[in-house]
Amino acid sequence: MSSAPLISVVIAVYNGSKTLQRCIDSVSAQTYLNKELVIVDGGSTDSTIDILLSNNDKIAYWKSEPDKGIYNAWNKALDHITGDWIYFLGCDDYLWKDNVFEELAPHLVRADSENIKLVYGQVARVTENKEVCCIDGCSWDHTWRGIIVDGICAFTHQGMFQHHSLFDVYGKFDESFKIAGDYELLVRAFKEGGDAYFIEGLVIAGMQTGGITKNCTKLVKETAAARRNNQLKVVTVPWLISYSWAISYPLLYKIFGDKNTRSLLNFGKDLVTGISHKKSIILREHKGQ
């Protein structure tokens, strides 16, 4: 692989005129030159198309037409990317600083040389005013156990870079999912194990929280469906805790506000996955005696 692998950035958007320009600018401002931007619009009725037209010189490919959701849009984009590594960025989100890709590139080269198909850093959850709520992202041991064993979404896709061969081997996103298709793909790819490369301390993107999310309960239910489809245990203690969090989130939001609720939510997630991880270590050590 080249010392400067091609990074394909994919953005799916629908009526995203309020934030799309910021998102595009964060990509075009990257000091790393070997990149391409692919945007799939779901047939926006606001000024999104005007923004795409005005940024035509910054976009390798874009198309606007009705779609069946974000995973349908991502799958369409996969037919038009040419990069070694693929990165999915939300239209509400943005790359954290102008040299993120430049700092990332050596890690991508190393991962490719070791046949590792997933590289990820950290993600800052931010309010509309760019106030940081928390930083997501932890070691692969914790992340893998959260996804595969505990059955919770212990990751943020805005921090993840997938090698193109991952899709060659495991296929595209399952479009029957509306908000947990990225989780299902990771389950499909890593349920039997496998390594990923975590870059601690490198914040990849700012992820806009957008206030209360009405999809918390649906997300937890879809993670259960993804596990069922992949013959994994569905009901675990961490999953039940996540479900309880999802149900109580609207009330917590009203009481504590977005930032404090997000911090509380992430503390709970870290606590659950941390206990699970420590339990796994204890069991392994016990077996080794």
Residue list, side chain to side chain contact (heavy atoms under 4.5 Å, CB included) with K68, at least two apart or on another chain: N72
Residue pairs passing the ring-ring contact (aromatic ring centres under 6.0 Å, His included) test where at least one lies in residues 35-63, sequence neighbours excluded: Y61-H80
Exercise: do D141 and S139 side chains pair donor with acceptor under 3.5 Å: no
Under 4.5 Å side-chain linkage, directly or through intermediates, the cluster mates of L219: I179
Plane angle bin for W96 and Y94 - parallel if under 30°, tilted between 30 and 60°, otherwise perpendicular: parallel
Exercise: do T19 and Q208 side chains pair donor with acceptor under 3.5 Å: no
Pair K117 + D168, salt bridge at N-O below 4.0 Å: no
Heavy-atom side-chain contact between Q30 and E102 under 4.5 Å: no
Y183: partners by ring pair (Phe, Tyr, Trp, His ring centres under 6.0 Å), with sequence neighbours left out: none
Crowding at NZ, K172 (>12 non-hydrogen neighbours, <6.0 Å): yes
Parallel, tilted or perpendicular: ring planes of F101 versus Y87, cut at 30 and 60 degrees: perpendicular
Side-chain H-bond candidate by donor/acceptor type, Y71 with D182, under 3.5 Å: yes
Interatomic distance, H142 atom NE2 to I147 atom CD1 [nearest 0.5 angstrom]: 13.0 Å
Side chain to side chain, F198 and T143, heavy atoms closer than 4.5 Å: no
Under 3.5 Å: donor-acceptor pair, side chain of Q162, backbone of F167: no
Interatomic distance, L118 atom CG to L185 atom CG [nearest 0.5 angstrom]: 9.5 Å
From CD (Q122) to SG (C138), nearest 0.5 Å: 8.5 Å
Presence of salt bridge, R227 and E184, under 4.0 angstrom: no
ring-ring contact (aromatic ring centres under 6.0 Å, His included) contacts touching residues 15-35 (sequence neighbours left out): none
Side-chain donor-acceptor contact under 3.5 Å, D112 with H163: yes
Close aromatic pair by centroid cut-off 6.0 Å: W74 and F88: yes
Spacing of I51 atom CD1 and N56 atom CG [to the nearest 0.5 Å]: 13.5 Å
Residues clustered with V123, ILVMFWY side-chain links under 4.5 angstrom: M207
